[in-house]
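Okay, so here's the structure we're looking at.
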2 protein chains.
Amino acid sequence: MEKEYKRPSVTVDVTLFTYAQDCLQVLLIRRGNEPFAGTWALPGGFVDAGEPLDKAAARELSEETGMEDVYLEQLATFGDPGRDPRGWVISVAYIALTGADAIAATRAGDDASDALWFDVNDLPPLAFDHDLILGAALRRLRQQLQYTALGFHLLPKVFTLTDLQNVYEIVLQTELDKRNFRRKIQSLGILEDTGDLQYGDHRPAKLYRATATGADHEITRSPLP
Amino acid sequence: MEKEYKRPSVTVDVTLFTYAQDCLQVLLIRRGNEPFAGTWALPGGFVDAGEPLDKAAARELSEETGMEDVYLEQLATFGDPGRDPRGWVISVAYIALTGADAIAATRAGDDASDALWFDVNDLPPLAFDHDLILGAALRRLRQQLQYTALGFHLLPKVFTLTDLQNVYEIVLQTELDKRNFRRKIQSLGILEDTGDLQYGDHRPAKLYRATATGADHEITRSPLP
DNA sequence: ACAAAAGTGTTGCCCTTACACCCATGC
DNA sequence: GCATGGGTGTAAGGGCAACACTTTTGT
């Protein structure tokens with residue numbers, strides 16, 4: 001055979017989460033071009049010929065928002081007809097996590113007129129089927145945090161246990177017991193005491209960092225906590 | 001902008017599992033065409049223009065193997081350069097589960113010269129990066145069975161508890177306690193006694209079927225068992 | 001009657017959960 | 001010295017894991 005098949009355009013779209021101001025936030029871009037010019041969308045864009053998908057996701061994120069070195073994970077691929085008015089466009093969606101310290105770097109990129117963080121509970125209307133993608137990303141994030149210790153990716157490299165607990169509480173929408181949470185997290189052995197303290201209004205808190213050793217993908221057999 | 005982007009070809013590839021002869025089996029197709037003519041590959045093929053990805057996966061499976069109504073779930077998308085010698089080809093991989101009763105229907109389809117079931121522990125060399133895809137599918141299947149009750153999808157519509165336990169033991173590569181396994185599965189409330197019995201060499205076994213009610217995607221909070 | 005697989009309950013243990021007080025700092 | 005969040009231990013309960021025998025059929 002080797003007959004000619006019609007080819008779709010392929011994009012990557014990235015749902016980038018962070019934890020800031022006591023809420024879970026997503027980075028959105030206000031589109032500068034048609035279609036959907038002026039409406040908010042997930043950062044993303046066309047994959048270059050022969051470019052690995054992971055690279056494309058990282059590149060688009062970097063180009064459109066200036067974010068680098070975030071935790072990236074493939075989520076799913078969306079290809080329903082009609083999802084893009086330009087025609088047949090398939091999108092490989094990624095989920096990304098970053099610490100709020102990095103968001104200062106956030107800036108609007110070349111082909112986007114604006115970039116802003118939104119509370120996941122207060123989102124504007126989104127372009128394309130990005131509400132669908134974002135919903136899937138959120139479900140995945142919740143599921144991940146329920147069984148893994150990846151939550152620290154939403155925090156700066158160095159953080160307190162209270163910060164980490166807040167992340168879990170906000171994302172999972174539950175209240176957690178402080179002592180149980182700490183016991184559990186520490187029993188996983190993925191945190192390292194930096195020896196530093198965070199001074200604030202009251203008693204200083206110990207600062208931790210995630211140990212490099214397989215900190216990714218670690219799994220807890222039972223829901224935390 | 002709206003400049004022209006180069007477009008990849010997009011395929012779907014399906015890793016179809018079943019449980020038969022006390023082992024976990026995968027359906028492979030011997031390729032009739034170049035590239036990799038004569039070597040084994042996952043069933044799959046090009047997505048039609050504007051076709052939903054799920055539909056494409058089901059269609060390819062049906063066309064190449066005659067299988068219908070299998071459990072299908074998107075796995076991941078593979079797009080590394082060099083994975084297909086024909087050029088830039090992105091593959092959306094699916095995982096599929098079916099009962100061994102349906103495999104009688106298996107037959108070679110139009111553009112494939114042969115279809116055969118292989119023990120996952122005794123696989124031939126595969127075309128493209130299909131070993132990679134199959135590995136990912138296997139890991140996902142194991143993970144799914146560890147936390148969910150989807151195992152029955154690898155069995156005929158009606159099955160015994162011993163069958164189901166065998167599935168879990170083979171897939172998860174562990175021995176399970178009969179009583180604990182039965183208690184756990186039955187506590188999930190997703191099985192229904194058909195009232196029929198399976199007569200064999202010895203004491204007949206009760207036959208069960210999965211209840212329609214959300215039998216899919218049900219989750220157990222702790223590993224079974 | 002005997003061989004072989006089906007089916008069934010109980011107990012110990014560990015992990016999870018619930019809970020209250022002292023500590024260190026800033027003001 | 002007082003207000004505020006940081007940090008810690010223990011006891012009760014529920015779920016998991018380990019364990020052996022009876023039942024039913026075919027031969």
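Throughout, protein chains are lettered first and strands after them, A, B, ... in sequence-line order, and every chain is numbered starting at 1.
- T160(B) comes within 4.0 angstrom of nothing in the nucleic acid, heavy atoms only.
- Atom P of nucleotide dT8(D) and atom CD of Q186(A) are separated by 7 Å, given to the nearest angstrom.
- In this structure, the side chain to side chain contact (heavy atoms under 4.5 Å, CB included) partners of P124(B), at least two apart in sequence or on a different chain, are L28(B), W40(B), F118(B), L126(B).
- Contact check, K184(A) against dT16(C): a side-chain N or O comes under 4.0 Å of OP1 or OP2.
- Applying the side chain to side chain contact (heavy atoms under 4.5 Å, CB included) criterion to K55(A), with sequence neighbours excluded, gives E51(A), P52(A).
- Rounded to an integer number of Å, the gap from F159(A) CZ to dG6(D) P is 15 Å.
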For nucleotides 24-27 of chain D, print each protein N/O atom paired with a nucleotide N/O atom at under 3.5 Å, atom names and distance only.
residue	atom	partner	partner atom	Å
dG26(D)	O4'	D201(B)	O	2.6

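- As a whole-Å value, the separation of K206(B) NZ from dA5(C) C1' is 15 Å.
- As a whole-Å value, the separation of L161(B) CG from dT8(C) P is 9 Å.
- Shown here are the side chain to side chain contact (heavy atoms under 4.5 Å, CB included) partners of A137(A), two or more places apart in sequence or in another chain: T15(A), F17(A), L75(A), I95(A).
- Not a single donor-acceptor pair under 3.5 Å links the side chain of S62(A) to the backbone N or O of A58(A).
- Looking at residues two or more places apart in sequence or on another chain, you find no salt bridge (Lys or Arg N to Asp or Glu O under 4.0 Å) involving E68(B).
- Residues passing the side chain to side chain contact (heavy atoms under 4.5 Å, CB included) test with A127(B) are R31(B), F36(B), T39(B), A41(B), sequence neighbours excluded.
- Look at CG on D196(A): it is 14 Å from P on dT25(C), rounded to the nearest Å.
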Just by protein heavy atoms under 4.0 Å, how would nucleotides 9-14 of chain C read 5' to 3' in B, S and -? BB----

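- Residue-to-nucleotide contacts include a donor-acceptor pair under 3.5 Å from the side chain of K178(A) to the base of dG7(D).
- What separates CD of Q146(A) from P of dT16(C) is a distance of 14 Å, to the nearest Å.
- Partners of D129(B) under the salt bridge (Lys or Arg N to Asp or Glu O under 4.0 Å) rule, at least two apart in sequence or in another chain, are R83(B).
- When side chains are defined from C-beta on, T18(A) does not count as touching L16(A), because their heavy atoms never get closer than 4.5 Å.
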I'd like a table of donor-acceptor pairs (distance under 3.5 Å, sequence neighbours excluded) in which one partner is a side-chain atom from residues 187-202 of chain A, with atom names and distances.
residue	atom	partner	partner atom	Å
S187(A)	OG	K184(A)	O	2.6
E192(A)	OE1	R209(A)	NH1	2.9
D193(A)	OD1	G195(A)	N	2.7
T194(A)	OG1	D196(A)	N	3.1
T194(A)	OG1	L207(A)	O	2.8

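- Between the CD atom of E175(A) and the P atom of dT17(C) there is a distance of 15 Å, rounded to whole Å.
- R182(B) places its CZ atom 18 Å from the P atom of dA18(D), with the value rounded to the nearest Å.
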